[in-house]
Amino acid sequence: MYSFNATELSARLPEMLELADIDEIVLTREEGENLVIVKESVWRGIQEIAHLFATDVNASRLLTSLQQLRSEFLSQAEVEG
């Protein structure tokens with residue numbers, strides 16, 4: 001995570017955009033909340049995940065599917081090994 005003072009924003013924007021390819025950026029302020037900058041693709045992914053896990057039913061189905069996938073993967077590894 002990289003941290004910059006909010007007053008540095010405009011002067012360091014090109015550098016921050018480059019760093020956003022690697023990690024999130026936190027703009028710190030003396031008073032009030034900080035601001036986090038992430039790439040748009042990362043933000044959209046976070047929104048999609050939040051939507052998928054928004055209800056207990058969806059979360060349960062996704063976790064069940066993941067457990068089944070892991071079980072199948074482990075079974076295949078044992079057969080091949």
Side-chain angles (χ1 to χ4, degrees):
M1 174 177 61
Y2 299 92
S3 182
F4 293 95
N5 186 295
T7 57
E8 299 177 69
L9 178 60
S10 61
R12 301 192 70 183
L13 189 56
E15 178 185 358
M16 288 190 294
L17 290 171
E18 198 171 310
L19 290 172
D21 284 337
I22 302 168
D23 207 349
E24 72 271 2
I25 299 167
V26 178
L27 297 175
T28 57
R29 299 179 349 154
E30 293 290 325
E31 297 178 19
E33 288 191 69
N34 295 336
L35 176 68
V36 177
I37 297 176
V38 295
K39 289 178 67 174
E40 182 180 6
S41 60
V42 171
W43 175 247
R44 291 193 185 281
I46 291 169
Q47 288 179 315
E48 288 176 19
I49 291 169
H51 175 75
L52 290 172
F53 282 90
T55 67
D56 290 340
V57 172
N58 279 356
S60 177
R61 288 177 182 162
L62 288 168
L63 292 173
T64 298
S65 295
L66 181 58
Q67 288 171 343
Q68 289 173 348
L69 184 63
R70 286 181 177 163
S71 174
E72 290 173 16
F73 178 75
L74 291 174
S75 295
Q76 288 177 358
E78 290 174 4
V79 169
E80 292 175 5

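Just so you know, these numbers come straight off a predicted model, no measurement behind them.
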Answer yes or no: is there a donor N or O on one side and an acceptor on the other, between the side chain of Ser71 and the main chain of Gln67, under 3.5 Å?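 Answer holds: no.
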Over all heavy atoms of both residues, which pair between Ala11 and Pro14 is shortest? Give the atoms and the distance, please.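 Heavy-atom minimum between the residues: O-CD, 4.3 Å.
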Any idea which heavy atoms bring Glu24 and Val36 closest together, and the distance?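 Smallest heavy-atom distance, with atoms named: CB-CG1, 4.0 Å.
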Counting only heavy atoms from other residues, nucleotides and ligands, does the tally under 6.0 Å from CD of Gln47 exceed 12?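 It does: Gln47 CD has more than 12 such atoms within range.
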Over 12 foreign heavy atoms within 6.0 Å of CG, Asp56: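 It does not: Asp56 CG has 12 such atoms or fewer within range.
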[X] with [Y], same ILVMFWY side-chain cluster at under 4.5 Å:
X: Val38; Y: Val26; value: yes
X: Leu52; Y: Ile46; value: no
X: Ile49; Y: Leu62; value: yes

Salt bridge between Glu48 and Arg44, side-chain N to carboxylate O under 4.0 Å?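 Salt bridge between Glu48 and Arg44, a charged N being under 4.0 Å from a carboxylate O: no.
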Partner of Arg61 by side chain to side chain contact (heavy atoms under 4.5 Å, CB included), out of Leu63, Thr64, Val57: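 Answer to the side chain to side chain contact (heavy atoms under 4.5 Å, CB included) test with Arg61 among Leu63, Thr64, Val57: Val57.
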